[in-house]
Amino acid sequence: MRVNFTVNGRPQQADDVWEGESLLYVLRERLGLPGSKNACEQGECGSCTVRLDGVPVCACLVAAGQAEGREVVTVEGLAAYARHRAGRPPREDPAELSPVQQAFIDAGAVQCGFCTPGLLVAADDLLEHNPDPSDADIREALSGNLCRCTGYEKILDAVRLAAARAGEAG
Amino acid sequence: MDVSRTPTPLSQGSRTPGGIGESTQRPDGTLKVTGDFAYASDLWHEDMLWGTTLRSPHTHARILSVDLSGAFATPGVYAVLTCADLPAATRYGLEIKDTPVLADGVVRYHGEPVALVAADHPETARRAAAKIKVEYEPLPVVTDEESATRPGAPLLHPDRTDAHAPHVPHPNIVHRQPVRRGDVAAARAAADVVVTGDYEVGMQDQAFLGPESGLAVPAEDGGVDLYIATQWLHADLRQIAPVLGLPEDKVRMTLSGVGGAFGGREDLSMQAHACLLALRTGRPVKMVYNRYESFFGHVHRHPAKLHYEHGATRDGRLLFVSCRIVLDGGAYASSSPAVVGNAASLAVGPYVVENVDSEALALYTNNPPCGAMRGFGAVQACFAYEAQMDRLAAALGMDPVELRQRNAMSQGAVMPTGQVVDSPAPVAELLRRVKALPLPPEREWESAGGPPDIRALPGGLSNTTHGEGVVRGVGYAVGIKNVGFSEGFDDYSTARVRLEVVAGQPVATVHTAAAEVGQGGVTVHAQIVRTELGVTQVTIHPADTRVGSAGSTSASRQTYVTGGAVRHACEAVRERVLALGRARFGAAHPAWQHAELLLEGGKVTTDGGEALADLADVLESEAIDVELEWRHRPTEAFDPRSGQGNGHVQYSFAAHRAVVEVDTELGLVKVVELACAQDVGKALNPLSVVGQIQGGTTQGLGLAVMEEIVVAEDGRVRNPSFTDYLIPTILDTPAIPVDVLELADDHAPYGLRGVGEAPTLSSTPAVVAAIRQATGLPLNRVPVRPEHLTGT
């Protein structure tokens, strides 16, 4: 079957998609967007988290056909999405990161990095809805994202840092 | 938290920005946050096929027949392979070549690979594999020491020729290592107090998030290029090439992005399989395990049964320790012999004990194969000896921390193996530091006033309690881990460093085969080069087999050994730079001949800081390129009867204090805080060091209260998924304050001490000690489950 949907602001068309293929498979293997990760493919680890019409979902649990006509944001589109949300013009420097991406680097929240794309999408969604989260809020929002390397402390630091920087800027 | 520092003298200046001791950022950080970092499962090649593995549903069975016709008849299938198709060697192994590439007539564990399929879509490959008909005749299984060693027990490997075979008491024992020192019988007679205990550790999984994966591309010369996530490229190469029947130079391996490892990538998984399919089809073949298959696709931490006896004087001085550690190695050897060596030699912990009678052994059974996981034999022992120390403290009526401190080893102590600990061993100080930390406030869930914040309670958002029946406990533990490969292994690494001028600026390139698995080796290598060569621009070349072996990214060794190799290569590059400088400018300034010269900030300077020449002017168009091996001090094998010998390179120490709150009615545990103090010798990258300690601590927490591969009585794995095998989430993981000591080890590069594993040891027993304090229960088994707390 053919699936038409919008990915990171661009219309995309995927052909020859099997009915059983997940949105994650189509993103990774048919559209050349492997940033969303395949750590469990059963909705337990959150490493494939994307926004589907703004809602964070595990792309591995969404049938590709369910994305028909809808808008998907992946980690690859996070920086542009953050700028658009802030009402700023599109990036001139394609290397510019979103605030939460930069905070993950600065806080040392990235080790192997396999959980990072999903955590970034989830953390960005949290900060969009709750710009000044408590630690308990952060833990609750990121509880669907497994990380095996960091022990989560630096991830908490990163979200706090992104929130604090937004507060200073805002 | 304060970070205390003991200055370490550097052979080279540290004034170049981004050198060692700074928390520089990862060179791969930006790629990892944008989704552009290419992990092994992200690789793609034009015309590539997908490989899949058919695995055994039985734990022990003879294969009577295999019918491949259904798979071959499936449109889109390009190859189907069984052991009959193997071109050369049919077995491989890290130490003992006992593991079939594909099952050869018998399967010995649930999940053993039987056949391979390559097809044009992963689902096609899976469906074709499901059409392969294998007729099995089940065989009797052995699953524990009793069934493996009783008379008439089926032998897993009846014709063993490995080096351990002549020394083991039974052919189903992979390796056994006693360690004997002093006179335990006399000490037992003299002891005022003796405590005994039996302990059990469940099977833990590494649960790295990036699944086993790789891409094999056949080459025109008949060889193959393999892009792979692994921990040691050259060990893979040494095992793969004979299976393919190719010389090693025709198997070219490149490290792709690795999503964590923790020991689980030391053994081969799909490496040889993907190469076999690629060579058979003439097409690139990608293999990616899903999570279910990953649980069958790599070895796990050895489950263990441990019997301990500790004797002490009335005033709390340890007189003897006697113990027996039985590790379940599963169906194939993997790294069981080395795990046994660790468990035996580290069995009494970081304590001074003059009389020791210990032994560790690993079994062959029909359970899943076990091998390397972070902590490697020392984790199991630490859970037991720390439980014993608490039991002894209770019997003596003594504070458990004070008992530990009274017996703590320090520099100059003698291990049960006879080895003298010849670098700092601040065991008592680490305990003092975690104990001195303020305790987290009690009844945090009430802190906001109003209704309780259930997120701070055991059971959390499941809303199981509002604080009724919740009891706090505090527990302590400390552990000892060896760093580096032991027992006489030639544990070297290789580094190639190139220095040249690019666009007017000196640029260094580091090329090693060291596997970056997330720990930050690439960060540290660049820091070492900046410190040693005084350049700011450092390029990290992708790791591959075009440079000599770096050894394994395991045993907390890579910063020590490959870091040491990078430093060594830099020193050679510096000598060549200075020789070049003397030839070109020596006549211009007497310091070229007489002063101690450094490379700093892109210049050659005197040790007084006077600049003599720009590096760019010294080098001009010349590129200096050096590849060198580097070794740490040699170690010795342990004597097979007494266990005596200088078997280890370096020891590392960490201590934990755990604070838990337990819902005693429902058996739910919330770890409130898990504080760690660790000596790291020298923190080359403090941010990464703390990240390692927090990550290791969290894996220890997982073993304490969550993580176990449940193996049924018949050897079948019951929970191969993240739905049923639970690793800590951010809700399960508490605040982890970290106190880093830096007491230099004069034998190691920059005084550093391997960091990664020690925090995984003491975390588990500290959490369980805290639960014991809260509940008064003995809790001799990990992971602790709710039913252990409620007795239901």
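As a basis for the values below, the full set of heavy atoms in this structure was taken, side chains included, without hydrogen atoms, waters or symmetry mates. Below, chain A is the first sequence line, B the second, and so on; all start at residue 1.
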Item checked: Interface residue of largest heavy-atom contact number with chain A, from B/Y292, B/Y289, B/W50, under 4.5 Å -> B/W50
Item checked: OG on B/S688 to CD on A/Q111, rounded to 0.5 Å -> 7.5 Å
Margin query: What part of B/A456 gets within 4.5 angstrom of chain A, counting heavy atoms only: side chain, backbone, both, or neither?
Written below: neither
Margin query: Only pairs of heavy atoms separated by less than 4.5 Å count here; which of B/G696, B/G259, B/G702 has the most with chain A?
Written below: B/G259
Next item on the list: Assess whether side-chain hydrogen bond (donor to acceptor under 3.5 Å, both in side chains) is satisfied between B/H121 and A/E29, documenting all intermediate values.
Entry: CA-CA 10 Å; B/H121 189 287; A/E29 305 297 341; over 6 Å; no
Note to self: Distance check, rounded to the nearest 0.5 Å: B/N290 atom CG versus A/Q42 atom CD?
What the structure shows: 8.0 Å
Next item on the list: Name the member of B/G460, B/G260, B/G35, B/S41 that forms the most heavy-atom pairs with chain A at distances under 4.5 Å.
Entry: B/S41
Item checked: Structural part of A/L142 lying under 4.5 Å from a heavy atom of chain B -> both
Notebook entry, point to check: Which atom pair, heavy atoms only, marks the closest approach of A/L146 to B/L209?
Noted result: O-CD1, 3.1 Å
Margin query: I need the A/C149 SG to B/Q692 CD distance, nearest 0.5 Å.
Written below: 8.0 Å
Note to self: Just so I understand: if I count every heavy-atom pair under 4.5 Å between each of A/Q102, A/E44, A/K154, A/R148 and chain B, which residue has the most?
What the structure shows: A/R148
Notebook entry, point to check: Would you find a donor on one side and an acceptor on the other, under 3.5 Å apart, between the side chain of B/Y39 and the backbone of A/P34?
Noted result: no
Check: Rounded to the nearest 0.5 Å, how far apart are CD of A/E153 and OG1 of B/T733?
Finding: 8.5 Å
Next item on the list: Looking only at non-hydrogen atoms, find the nearest pair between A/L120 and B/V33 and report the distance.
Entry: CD1-O, 3.2 Å
Next item on the list: Sort A/D137 into side chain, backbone, both or neither according to what part of it lies under 4.5 angstrom from a heavy atom of chain B.
Entry: both
Item checked: Winner by heavy-atom pair count (cut-off under 4.5 Å) against chain A, out of B/D36, B/T697, B/T30 -> B/T30
Next item on the list: Count the heavy atoms belonging to other residues, nucleotides or ligands that lie under 6.0 Å from CD of A/E68, then report whether that count exceeds 12.
Entry: yes
Margin query: With chain B as the partner, which of A/E21, A/R28, A/E76 has the greatest number of non-hydrogen pairs under 4.5 Å?
Written below: A/R28
Checklist line | chain A contact via B/L461 - which portion, at a heavy-atom distance below 4.5 Å | finding: side chain
Check: By a 4.5 Å heavy-atom criterion (distance strictly below it), what part of A/S47 contacts chain B: side chain, backbone, both, or neither?
Finding: neither
Note to self: At a heavy-atom distance under 4.5 Å, which candidate from B/G520, B/A261, B/A207 has the highest pair count against chain A?
What the structure shows: B/A207
Note to self: Between B/S721 and chain A, with a heavy-atom cut-off of 4.5 Å, which part of the residue counts as in contact: side chain, backbone, both or neither?
What the structure shows: both
Notebook entry, point to check: Does B/F37 reach the side chain of A/V110, with side-chain heavy atoms less than 4.5 Å apart?
Noted result: no
Next item on the list: To the nearest 0.5 Å, tell me how far B/I730 CD1 sits from A/N145 CG.
Entry: 8.5 Å
Check: With a 4.5 angstrom heavy-atom cut-off, which part of B/T729 approaches chain A: side chain, backbone, both or neither?
Finding: both
Margin query: Please determine whether the number of non-hydrogen atoms from other residues, nucleotides or ligands lying under 6.0 Å from atom CG of B/D724 exceeds 12.
Written below: yes
Next item on the list: Sort A/D106 into side chain, backbone, both or neither according to what part of it lies under 4.5 angstrom from a heavy atom of chain B.
Entry: both
Next item on the list: For the pair A/E41 and B/R291, find out whether any cationic side-chain nitrogen is under 4.0 Å from an anionic carboxylate oxygen.
Entry: no
Check: Out of A/A136, A/G35, A/A109, A/G32, which one racks up the most heavy-atom pairs below 4.5 Å with chain B?
Finding: A/A136
Check: Is chain B contacted by the side chain of A/E140, its backbone, both, or neither, given a heavy-atom distance below 4.5 Å?
Finding: both
Margin query: Can you tell me how far apart SG (A/C112) and CZ (B/F262) are? Round to the nearest 0.5 Å.
Written below: 6.5 Å
Notebook entry, point to check: If you take all heavy atoms of B/P122 and A/Y25, which pair is closest and at what distance?
Noted result: CD-OH, 3.3 Å
Item checked: Greater than 12 external heavy atoms within 6.0 Å of A/D16's CG -> no
Notebook entry, point to check: Are the side chain of A/Y152 and the backbone N or O of B/P728 linked by a donor-acceptor pair below 3.5 Å?
Noted result: yes
Margin query: If I compare all heavy atoms of B/F722 with all of A/C45, which pair ends up nearest, and what's the gap?
Written below: CD1-CB, 4.2 Å
Margin query: Taking side chain as everything from C-beta outward and backbone as N, CA, C, O, which of these in A/A107 sits under 4.5 Å from a heavy atom of chain B? Side chain, backbone, both or neither.
Written below: backbone
Next item on the list: Sort B/S763 into side chain, backbone, both or neither according to what part of it lies under 4.5 angstrom from a heavy atom of chain A.
Entry: neither
Next item on the list: With a 4.5 angstrom heavy-atom cut-off, could you sort out which part of A/I105 is near chain B: side chain, backbone, both or neither?
Entry: both
